[in-house]
Amino acid sequence: MSLESTVAEASIEQSLKQFLIVLSVSLSVATLSRIFSWFRKIPYTLLLVIVGLGLAFVNIRLVNLSPELILEIFLPPLLFEAAWNINWRELKANWLPVILFAVAGVIISVLGISFALSSFTSISLATALLVGASLSATDPVSVVALFRELGAGKRLTVLMEGESLFNDGVAVVAFVLLVGIPLGIEDFSLPTTITRFAAFVGVGVGIGCLVGFGISYLTQRFDIPLVEQSLTLVSAYGTYLITEELGGSGVIGVVTVGIILGNFGSRIGMNPRTRLLVSEFWEFLAFFVNSIVFLLIGDQIEFGSLANNLDLIFVAIAAVLLTRIVVIFGLGAIANLFTPEKIGLREQTVLWWGGLRGSVSIALALSVPVILDGRQDIIDTVFGVVLFTLLIQGLTTQVFLEKLDLIGDQPIRQQYSEALARREALNRVLVYLADAKISPEIDLDYYNYQQQLVKAQLEKTEEEIHNLQKEHPQLQQLNIEQLREKMLDIEAETYAEFIRAGRLSKRLSPVVQQIMAEAEEH
């Protein structure tokens, strides 16, 4: 055996050991956070950061966190999972504030943070612009998980998640456009920058649409769950790599393909069982990747280096919070002028405080060229701000939700929805038992016994629904919302059935939604 192959095998073995250690620690922390009641108050991603900080404090380094590791391996599945699960109807209803926060918000953040750093610290404007671009990407994983756990309003979640989905791509594009300035490779030119920005985004959207619609129509031709599941995985990584190779934004490409497959492809090309399998697969993958990323973020902190740049970190934290105020309250006010459903002051406050920074910011900072003067200052500043947002803002967001009364009756609505679903399921079981042909191998008394058990549970469920309706009359609105959702789903499923059967060549625009909108106007 040659020396080269021996060294290669040893390197692979060492990498595998490191990966298993990281995986064991991260999954142990994530599991413990679900077992012990005290830990449940802390989102598991933040708990992982705290454990990583503890390991860094005693100088235990699990693995080197390279930007390629985050951007090319970890980022695509995180973006795809969020895009797959976001509801297109809700996103479209909130498109104006989402686009304002994601595009204009990134520009305001970059300019505000860079101006503060260049004015109140010793770093140059060109270097400060890179810090601003790195910190303009929000990472709401912990906050959105908290929203869902506490039952915060659906619109609040859509705004937070929708902004992050798109501003990640815009922030990465802004960073790529700015990184050549301090190196002396490029001069800033507004027309050139706008043209390059449009090209980055255009290529990303184009490749995402091509892959998304291509796979959507391909999965119409067969019904093999494992293959369809694998195609979604290939689409996430493939879209990112192809788009980057063609000079576009891989982040924008992955977001585009995820939205298309989650809202269009999964409906026309996948049966309900396959959709559920694919959703569960991506839920696991997102949990798996998040468990590793947030542990490694904490583990990579260099306390000594951070202490030497506290002035930069404090100025950057103040700038991040102030520019976030301008973005949320200023752009939110503009959005409220043109949208029928306003973003209230309480919602804007939570959106401001919940603007955490995370993995994308870290990856961008680490990707600064080594030859650039001030690279370590950029990395330390970004790490310091990320640490502040995750530990201070992330751990206090629940307090904001409770004090601002934004949790409301969402837990009750969730309990009511679960009871309605349980009643529907039990009724279907009774229908099956009533219509099923009795097998000679099973005694008739056993059938009757099972029916009685199900009926008894159904009575308990009916009583629970009745009590909830009596105690909370506002739940009637939930019945109306679910009826409207069911009507829209039936229409969409019908068109998808016709397309699969070859009786329709294209997807028709929804009529039921238009009818409901016209009825509301009158």
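As the structure is a prediction and not an experimental result, all values here were calculated from the model.
Between Glu424 and Arg428 there is a salt bridge, since at least one side-chain N of the basic residue sits less than 4.0 Å from a carboxylate O of the acidic one. Ion pairing between a basic and an acidic side chain is recognised when a charged N comes within 4.0 Å of a carboxylate O; Glu462 and Arg423 show such pairing. A salt bridge does not link Lys342 with Glu347: every distance from a Lys NZ or Arg NE/NH1/NH2 to an Asp or Glu carboxylate oxygen is 4.0 Å or more.
Listed here is the closest heavy atom pair of Gly332 and Phe101: N-CE2, 3.8 Å. Between Ser361 and Ser134 the shortest heavy-atom distance is OG-O, 2.7 Å. Of all heavy-atom pairs between Leu404 and Val350, the closest is CD1-CG2, 3.7 Å. The two atoms that bring Asp139 and Arg357 nearest to each other are CB-C, 4.0 Å, heavy atoms only. Nearest approach of Ile215 to Leu231, heavy atoms of both residues: CD1-O, 3.8 Å.
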Please report, to 0.1 Å, the donor-acceptor pairs under 3.5 Å made by any side chain of residues 247-258, with sequence neighbours excluded.
| from | atom 1 | to | atom 2 | distance (Å) |
| --- | --- | --- | --- | --- |
| Ser249 | OG | Ile252 | N | 3.2 |
| Thr256 | OG1 | Ile252 | O | 2.8 |

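Using a 4.5 Å cut-off on side-chain heavy atoms (C-beta onward), Ser136 and Phe175 make no contact. Contact check for Asn85 versus Glu283: no side-chain heavy atoms found under the 4.5 Å cut-off.
Counting non-hydrogen atoms of neighbouring residues, nucleotides and ligands closer than 6.0 angstrom, the CD atom of Glu418 exceeds 12 such neighbours.
Taking the six-membered ring where tryptophan is involved, the planes of Trp282 and Phe80 are tilted, since the angle between them lies from 30° to 60°.
Of the N and O atoms on the side chains of Glu72 and Tyr237, not one donor lies less than 3.5 Å from an acceptor on the other residue. For the 3.5 Å distance criterion, the side chains of Asn448 and Gln452 fail to qualify, holding no donor opposite an acceptor.
Under the side chain to side chain contact (heavy atoms under 4.5 Å, CB included) criterion, Glu459 pairs with no residue, sequence neighbours left out.
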Subject >> Residue pair Tyr217, Phe264: steps toward the ring pair (Phe, Tyr, Trp, His ring centres under 6.0 Å) verdict >> reply: CA-CA 10 Å; Tyr217 289 111; Phe264 176 74; 5.8 Å; yes

